[in-house]
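Position 1 is the first residue of the sequence; numbering continues from there.
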Amino acid sequence: MSVQTDRTDTGTAAAPGVRKTDVPPPDGTGIRKGKNKGRGKDPAGRRGGASAPYVLLLPALLATVILLGWPLIKNGMLSFQNLNPRQLILHLTEWRGIDNYTDVLSSADFWKVVQRTVVFTAVNVVLTMVFGTLVGLLLARLGKRMRLVLLLGVVLAWAMPVIAATTVYQWLFAQRFGVVNWLLAKAGWTSMADYNWFGTQLSTFSVITLLIVWQSIPFVAINLYAATTTIPKELYEAASIDGAGTWKSFTSVTFPFIRPFLWATTFLEVIWIFKAFPQIFAMNKGGPDRLTETLPIYAFVEGPGNQHYGMGAAISFLTILILLALTAYYLRTVLKQEEDEL
């Protein structure tokens with residue numbers, strides 16, 4: 001039996017003709033069914049939307065695991081084995097444990113190569129970043145036509161295949177018919193007419209450094225030029241009104257904007273130059289007398305070169321660990337910078 005009333009339970013006047021029984025009662029959860037119809041589907045929809053990015057990343061992750069992860073695992077397993085031509089022919093698997101790593105780490109030659117690789121990388125990275133930054137700033141200041149010409153030359157240098165560029169440099173610095181020796185002799189240095197650029201450690205490294213820096217400058221220059229295009233022109237106008245000169249404008253306006261690009265580019269150059277292989281090997285195969293071997297060359301010579309594949313795998317795995325340590329340091333620094341900015 002329904003009872004008609006003119007007031008609600010709280011004493012508030014109700015609309016005429018409205019009965020208490022007409023109001024939908026709450027369910028067991030205290031939520032009225034009529035007003036929340038369909039809300040139970042929202043969490044499932046949100047979960048489906050949240051998983052969409054991971055589904056899209058799945059093909060790339062699978063390709064990374066197959067193309068990079070599996071060879072890395074195989075290389076790690078090989079570094080614990082004694083694998084020579086005999087084992088390859090007889091299909092034998094001889095485990096050595098950590099003996100390969102012990103032999104490598106106890107070798108004085110290995111630490112000489114590590115020291116040489118670090119110095120070689122540091123010199124090349126410094127020269128690349130200095131000249132690449134200058135070219136990038138020059139691109140930002142040139143007019144459209146001159147910028148297009150310089151960009152064309154930079155891109156062509158960058159697009160040139162590594163082995164082709166190395167061959168060109170071998171011709172340029174050839175002992176008897178090289179263009180460099182001919183130009184130096186014409187300029188008055190007659191003693192350089194038949195100079196052997198690949199006869200000493202310093203001269204060989206000089207040619208290799210010139211090649212690597214020439215190949216690396218385009219990436220740095222284009223990257224930093226792109227960074228300068230993000231700087232608002234109003235900041236330079238404000239700096240000029242305040243009486244700032246060229247150097248002051250660079251330190252107060254340009255540098256703060258391009259600093260993240262500089263840091264990221266420097267890190268990439270460290271990795272690329274540290275693991276540089278074709279330029280050094282194709283130039284002189286780590287000679288003379290193995291004095292220009294870096295870690296990648298050393299791993300190849302000790303491994304496939306001397307047919308001690310387990311030893312070469314151990315050296316290459318140690319090289320990977322060094323690069324992973326550099327990567328961890330870079331990521332730690334970036335995260336710290338982000339925390340400071342927050």
Side-chain angles (χ1 to χ4, degrees), residues 109-138 150 153-175 178-184 187 189 191-192 194-224 262-301 319 322-323 326:
D109 293 335
F110 172 76
W111 294 109
K112 289 180 181 179
V113 173
V114 171
Q115 182 180 7
R116 185 185 305 143
T117 305
V118 171
V119 174
F120 173 77
T121 302
V123 171
N124 279 269
V125 169
V126 170
L127 292 176
T128 299
M129 294 307 300
V130 169
F131 289 105
T133 302
L134 292 176
V135 174
L137 296 176
L138 179 62
L150 182 56
V154 167
V155 170
L156 288 177
W158 193 15
M160 191 172 186
V162 175
I163 298 301
T166 305
T167 304
V168 170
Y169 269 72
Q170 286 177 319
W171 291 342
L172 289 174
F173 290 90
Q175 182 175 1
V179 176
V180 174
N181 286 349
W182 180 80
L183 289 175
L184 291 175
W189 287 286
S191 60
M192 300 295 294
D194 293 322
Y195 183 74
N196 183 12
W197 287 92
F198 306 106
T200 64
Q201 181 187 36
L202 181 60
S203 59
T204 303
F205 265 136
S206 299
V207 177
I208 296 172
T209 298
L210 184 62
L211 170 61
I212 291 180
V213 171
W214 177 76
Q215 290 180 315
S216 302
I217 283 177
F219 173 76
V220 178
I222 295 174
N223 194 15
L224 294 182
L262 279 172
W263 180 243
T265 306
T266 301
F267 171 71
L268 292 176
E269 288 296 329
V270 168
I271 292 180
W272 288 339
I273 294 175
F274 190 92
K275 64 184 183 67
F277 178 86
Q279 298 94 331
I280 303 174
F281 188 80
M283 188 70 73
N284 202 20
K285 296 183 179 179
D289 299 326
R290 304 185 64 176
L291 292 176
T292 58
E293 286 183 356
T294 56
L295 274 175
I297 308 298
Y298 184 69
F300 178 80
V301 172
T319 304
I322 295 174
L323 292 176
L326 294 174

Q: Mind checking side-chain contact (heavy atoms from CB on, under 4.5 Å) for Trp182 and listing every partner two or more places apart, or none if nothing turns up?
A: Lys186
Q) Do Asn181 and Trp197 have side chains that get closer than 4.5 Å, going by heavy atoms? A) yes
Q: Check whether any side-chain heavy atom of Val220 lies under 4.5 Å from a side-chain heavy atom of Leu262, and answer yes or no.
A: no
(Q) Applying side chain to side chain donor-acceptor pair (under 3.5 Å) as the test, list every pair that has at least one member in residues 281-291; sequence neighbours left out. (A) Arg290-Glu293, Arg290-Glu302
Q) Given side chains that start at C-beta, do those of Gln215 and Met160 come closer than 4.5 Å, heavy atoms only? A) no
Q) For Thr200, what residues pass the side-chain contact (heavy atoms from CB on, under 4.5 Å) criterion, not counting sequence neighbours? A) Tyr195, Ser203
**Q.** Results of side chain to side chain donor-acceptor pair (under 3.5 Å) for Trp272 - residues two or more places apart only
**A.** none
Q: List the steps and the verdict of side chain to side chain contact (heavy atoms under 4.5 Å, CB included) for Ile322 and Leu295.
A: CA-CA 11 Å; Ile322 295 174; Leu295 274 175; 4.0 Å; yes
Q.
Under the rule for side chain to side chain donor-acceptor pair (under 3.5 Å), what residues qualify as partners of Thr265, not counting sequence neighbours?
A. Asn223
Q) Quick one: does Pro278's side chain get under 4.5 Å of Thr166's, heavy atoms only? A) no
Q: Quick one: closest heavy-atom pair of Phe198 and Thr204, and the distance?
A: CA-OG1, 3.3 Å
Q: Tell me, please, which residues at least two apart from Trp158 pass ring-ring contact (aromatic ring centres under 6.0 Å, His included).
A: Phe219
Q | Minimal non-hydrogen separation, Gly199 against Pro288, with atom names | A | O-CG, 3.4 Å
Q) So, does Thr292 use its side chain to make a donor-acceptor pair with the main chain of Gly287 at under 3.5 Å? A) yes
Q) What do the steps show when you test Tyr298 against Asp109 for side chain to side chain contact (heavy atoms under 4.5 Å, CB included), and what is the final call? A) CA-CA 9 Å; Tyr298 184 69; Asp109 293 335; 4.0 Å; yes
Q | Set of residues satisfying side-chain contact (heavy atoms from CB on, under 4.5 Å) with respect to Phe277, sequence neighbours excluded | A | Phe281, Pro296, Ile297, Phe300
Q) Roughly how far, to the nearest 0.5 Å, is CG of Leu202 from OG1 of Thr209? A) 9.0 Å
**Q.** Set of side-chain contact (heavy atoms from CB on, under 4.5 Å) partners for Ala187, sequence neighbours left out
**A.** Trp189
Donor-acceptor contacts, no H, no angles, side chain residues 168-175, under 3.5 Å, sequence neighbours left out:
unit_1, atom_1, unit_2, atom_2, d
Gln170, NE2, Ala282, O, 2.7
Gln170, NE2, Met283, O, 3.1
Gln175, NE2, Asp194, O, 3.1

Q: Report yes if the side chains of Leu150 and Leu138 come closer than 4.5 Å at any heavy-atom pair, otherwise no.
A: yes
In residues 122-134, what donor-acceptor pairs under 3.5 Å come from side-chain atoms, sequence neighbours left out?
unit_1, atom_1, unit_2, atom_2, d
Asn124, ND2, Phe120, O, 2.7
Thr128, OG1, Asn124, O, 2.7
Thr133, OG1, Met129, O, 2.5

(Q) With heavy-atom distances below 4.5 Å as the criterion, would you say the side chains of Ile271 and Leu326 are in contact? (A) no
